[in-house]
Amino acid sequence: MTRLGVVLSGRGSNFLAIADQIQQGTLPAEIAVVISNRPDAPGLAAARERGLAAVSLPSKGVDREEYDRQLAAALREHGVDWVVLAGYMRILSAGFIREFPQRILNIHPSLLPAFTGLDAQHQAFDYGVKIAGCTVHFVDEELDHGPIVLQAAVPVEGDDTPATLAERILREEHRIYSEALGLLLTKPWRIVNRRVVLG
Ligand code: GAR
């Protein structure tokens, strides 16, 4: 069974959506460990409650390269095959990315390449887009940039606020993250230039 290492910084709802799919038998994987750079992340507490290995690895005051070495070591210790970023609010160093080639996924709450970085739903709302959404992508050395696995579109309604829009995007995030993982773990795929070719 493929071993996932979930890395998060906060609430952890994407992690829980993936954990639910695994529990229901619809995603053939297991969560080997959940790691947070924030000791007080609710996602870490949720992992403990579910009886999963949960590791607090505080990033505060630690040099990025050094932190990423510790993170890679903790993931290796738990025999992780795939790294699943689920609301991990730090940029990974090139050294870390080279440790897990084509095995690091991220979810971002916009239709990339639009609205990279923080608070993407708010950025999209303020820009006035009519279609927002979310993206599951491989992680490369640039922020919110790697090859795209799946995207979902979310229409912006007239009475939306940034909060209501973010809520509907989140529902789609929960759906497509497990779906993308399921595809990559069960079907043939390859990356051609930067296109993820499935099947
Ligand atoms: C999600 O909306 C995720 O797409 C976003 O943070 C939130 C985490 O929520 N990630 C990023 O913005 C990464 N650039 P969660 O902790 O409930 O999964």
Side-chain angles (χ1 to χ4, degrees), residues 4-22 26-27 31 34-47 50 59-60 64 71 82-93 96-97 104-184 194-196 198:
L4 308 180
V6 177
V7 184
L8 52 76
S9 301
R11 182 176 53 185
S13 73
N14 274 290
F15 144 58
L16 288 169
I18 290 166
D20 285 346
Q21 294 299 316
I22 290 173
T26 45
L27 180 59
I31 295 179
V34 176
I35 302 178
S36 176
N37 65 310
R38 298 220 184 110
D40 58 349
L44 201 57
R50 290 196 174 208
S59 55
K60 213 170 167 190
R64 181 178 310 279
L71 182 60
W82 280 78
V83 180
V84 176
L85 305 184
Y88 181 59
M89 295 314 203
R90 282 169 61 87
I91 296 171
L92 289 166
S93 59
F96 183 92
I97 290 161
I104 311 173
L105 287 179
N106 184 40
I107 180 107
H108 183 73
S110 79
L111 290 175
L112 290 173
F115 310 120
T116 59
L118 290 179
D119 236 340
Q121 309 93 325
H122 215 298
Q123 292 183 53
F125 183 87
D126 286 349
Y127 195 89
V129 299
K130 300 298 184 198
I131 309 280
C134 51
T135 304
V136 177
H137 65 94
F138 283 94
V139 172
D140 68 8
E141 292 169 24
E142 282 178 54
L143 176 68
D144 299 328
H145 175 268
I148 291 170
V149 185
L150 282 182
Q151 292 185 301
V154 176
V156 181
E157 310 292 350
D159 58 353
D160 262 330
T161 63
T164 59
L165 178 61
E167 204 179 290
R168 289 208 310 291
I169 293 173
L170 190 63
R171 258 183 263 147
E172 291 301 292
E173 293 183 42
H174 294 166
R175 186 176 64 78
I176 67 167
Y177 212 172
S178 296
E179 193 181 330
L181 269 164
L183 286 170
L184 295 172
R194 53 163 293 122
R195 301 183 58 242
V196 178
L198 297 162

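Along the sequence shown, the residues carry numbers beginning at 1. Only a predicted model underlies this, so the values are computations on that prediction, with no experimental measurement involved.
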Candidate pair V154 and R171, rule side chain to side chain contact (heavy atoms under 4.5 Å, CB included), full reasoning: CA-CA 10 Å; V154 176; R171 258 183 263 147; over 6 Å; no

query: D160 and R168: side chain to side chain contact (heavy atoms under 4.5 Å, CB included), yes or no, with the steps?
result: CA-CA 10 Å; D160 262 330; R168 289 208 310 291; 2.8 Å; yes

- request: Test D140 against I104 for side chain to side chain contact (heavy atoms under 4.5 Å, CB included), laying out the working first.
  value: CA-CA 8 Å; D140 68 8; I104 311 173; over 6 Å; no

query: Going through the checks in order, is the side chain to side chain donor-acceptor pair (under 3.5 Å) test met by H145 and T116?
result: CA-CA 8 Å; H145 175 268; T116 59; over 6 Å; no

task: Kindly determine whether I18 and V84 satisfy side chain to side chain contact (heavy atoms under 4.5 Å, CB included), including the steps that lead there.
output: CA-CA 10 Å; I18 290 166; V84 176; 3.9 Å; yes

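We find the CG-CD distance between L111 and Q151 to be 5.5 Å, quoted to the nearest 0.5 Å. Of the inter-residue distances, the one linking F15 atom CZ with D20 atom CG reads 9.0 Å to the nearest 0.5 angstrom. Here the CE atom belonging to M89 is positioned 6.0 Å from the CG atom belonging to L118, to the nearest 0.5 angstrom. To the nearest 0.5 Å, atom CD1 of residue I169 and atom CD of residue Q121 are 5.0 Å apart. If you take OH on Y177 and CG on L27, they are separated by 11.5 Å, rounding to the nearest 0.5 Å. Interatomic distance, CG of N106 versus OG1 of T135, reported as 9.5 Å (0.5 Å rounding).
At least one side-chain heavy atom of L92 sits less than 4.5 Å from a side-chain heavy atom of L85. Within the 4.5 Å cutoff, no side-chain heavy atoms of T26 are placed close to those of S178. Here the side chains of I176 and I107 are in contact, with some heavy-atom distance below 4.5 Å. Inter-residue side-chain proximity for L198 and L184 is flagged as met; some heavy-atom pair is nearer than 4.5 Å. Side-chain contact between V83 and V139 is absent, with no heavy-atom pair separated by less than 4.5 Å. Put simply, the side chain of Q123 does not reach to within 4.5 Å of the side chain of S110, judged on heavy atoms. Between N14 and H174, some side-chain heavy-atom pair lies under the 4.5 Å cut-off.
Between the S36 side chain and the P39 main chain, no donor and acceptor come within less than 3.5 Å of each other. With R11 contributing its side chain and P42 its backbone, the two residues share no donor-acceptor pair below 3.5 Å.
Of all the heavy atoms in R38 and S9, the pair that sits closest is NH1-O, 3.5 Å. Taking every heavy atom of both residues into account, V136 and A180 meet most closely at CG1-CB, 3.7 Å. Here the shortest heavy-atom pairing between G10 and A41 reads O-CB, 3.6 Å. Contact record, I91 with R64: O-NH1, 2.6 Å, taken as the closest heavy-atom pair. Between L112 and I148, the shortest heavy-atom distance links the atoms O-CD1, 4.0 Å.
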